[in-house]
Amino acid sequence: VGRAALQAFVLPCILQALTDVEETVVCAAVNSLSRLSEVALHTRSTLLDIGSKIAPLLCHPNSWVRHSSINYFASLERHFTMAEVYCFFQPMLKPFLKHALLELSRDHLSRALHPPVSRRC
């Protein structure tokens with residue numbers, strides 16, 4: 001699958017799965033996006049766009065969805081410098097963070113996140 005086919009056919013299906021009511025489907029979609037980011041088939045602007053769609057899942061009540069979302073952002077660490085993380089990701093992730101974030105490692109992101117949203121809301 002080339003970049004054009006990925007953008008035109010595969011990516012829209014995976015992005016649609018992010019809003020599925022079944023949490024295992026959402027988790028699988030985020031995991032797929034993480035793997036695709038690791039093989040560098042997306043442009044940096046596409047990675048940012050996908051990140052903006054995944055960011056709200058960082059406070060999801062389901063731990064699998066939350067950890068998959070953290071893994072997506074951690075997979076982007078090699079594509080962006082610290083300055084770019086601060087400029088591009090800090091504003092995107094700010095509503096979900098307790099404090100500023102300078103790197104996208106799993107540990108830093110996990111510690112910086114607000115607690116998950118309760119299912120009772």
Side-chain angles (χ1 to χ4, degrees):
V1 174
R3 184 177 284 185
L6 176 70
Q7 294 287 335
F9 304 110
V10 178
L11 188 59
C13 294
I14 296 173
L15 291 176
Q16 184 178 4
L18 290 176
T19 59
D20 199 278
V21 295
E22 187 64 41
E23 292 171 340
T24 55
V25 173
V26 175
C27 187
V30 176
N31 286 336
S32 296
L33 291 167
S34 296
R35 285 190 210 102
L36 287 171
S37 72
E38 290 168 359
V39 294
L41 284 175
H42 295 300
T43 63
R44 288 164 40 105
S45 62
T46 302
L47 293 173
L48 287 167
D49 183 49
I50 294 169
S52 69
K53 291 172 175 55
I54 292 177
L57 299 175
L58 291 168
C59 290
H60 195 280
N62 184 304
S63 64
W64 289 4
V65 173
R66 232 178 17 261
H67 289 293
S68 294
S69 302
I70 291 169
N71 287 338
Y72 174 77
F73 286 102
S75 74
L76 301 181
E77 189 171 29
R78 69 184 182 102
H79 299 286
F80 296 92
T81 65
M82 286 178 62
E84 291 170 331
V85 168
Y86 189 78
C87 292
F88 299 138
F89 290 99
Q90 181 65 28
M92 178 192 310
L93 300 175
K94 187 176 182 177
F96 314 107
L97 300 176
K98 293 184 272 189
H99 53 80
L101 188 69
L102 294 177
E103 59 182 272
L104 293 173
S105 70
R106 284 178 187 84
D107 292 337
H108 284 93
L109 190 53
S110 296
R111 280 185 263 142
L113 287 174
H114 284 294
V117 176
S118 172
R119 291 193 185 271
R120 295 183 182 165
C121 292

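In what follows, every heavy atom counts, from backbone to side chain, and hydrogens, waters and symmetry copies are set aside. Here, residue 1 is the first one in the sequence, and each next residue gets the next number.
In this structure, the separation between SG on Cys27 and CD on Glu22 is 11.0 Å, given to the nearest 0.5 Å. Taking OH from Tyr72 and CD from Glu38, the interatomic distance works out to 10.5 Å, rounded to the nearest 0.5 Å. Atom OG of Ser110 and atom NE2 of His67 lie 6.5 Å apart (nearest 0.5 Å). With values rounded to the nearest 0.5 angstrom, His42 atom NE2 is found 10.5 Å from Asp49 atom CG. Atom CG of residue Leu48 and atom CD of residue Glu84 lie 8.5 Å apart, to the nearest 0.5 angstrom. Taken from CG in Leu93 to CG in Leu58, the straight-line distance is 6.0 Å, to the nearest 0.5 Å.
No chain of hydrophobic side-chain contacts below 4.5 Å, direct or via other Ile, Leu, Val, Met, Phe, Trp or Tyr residues, connects Leu33 to Phe9. The hydrophobic cluster containing Val10 also contains Leu15, counting ILVMFWY residues as joined when their side-chain heavy atoms lie under 4.5 angstrom apart, directly or transitively. No continuous path of ILVMFWY side-chain contacts below 4.5 Å connects Leu47 to Met82, so the two sit in separate hydrophobic clusters.
Of all heavy-atom pairs between Pro61 and Arg66, the closest is O-NH1, 3.3 Å. Nearest heavy atoms, Glu77 versus Leu104: OE2-N, 3.8 Å. Listed here is the closest heavy atom pair of Ser105 and Ala74: C-CB, 4.5 Å. Of all heavy-atom pairs between Arg111 and His99, the closest is O-NE2, 3.9 Å. Shown here for Leu101 and Gln90, the closest heavy-atom pair between the two residues is N-OE1, 2.8 Å. Trp64 approaches Asn62 most closely through the heavy-atom pair N-OD1, 2.7 Å.
Side chains of Leu18 and Val30 form a contact here, defined as non-hydrogen atoms less than 4.5 Å apart. Between Ile14 and Ile50 the shortest side-chain heavy-atom distance does not fall below 4.5 Å.
Side-chain atoms of His60 never come within 3.5 Å of backbone atoms of Ser69 as a donor-acceptor pair (strictly under, hydrogens ignored).
Counting heavy atoms of neighbouring residues, nucleotides and ligands inside a 6.0 Å radius, atom OH of Tyr86 does not exceed 12 of them.
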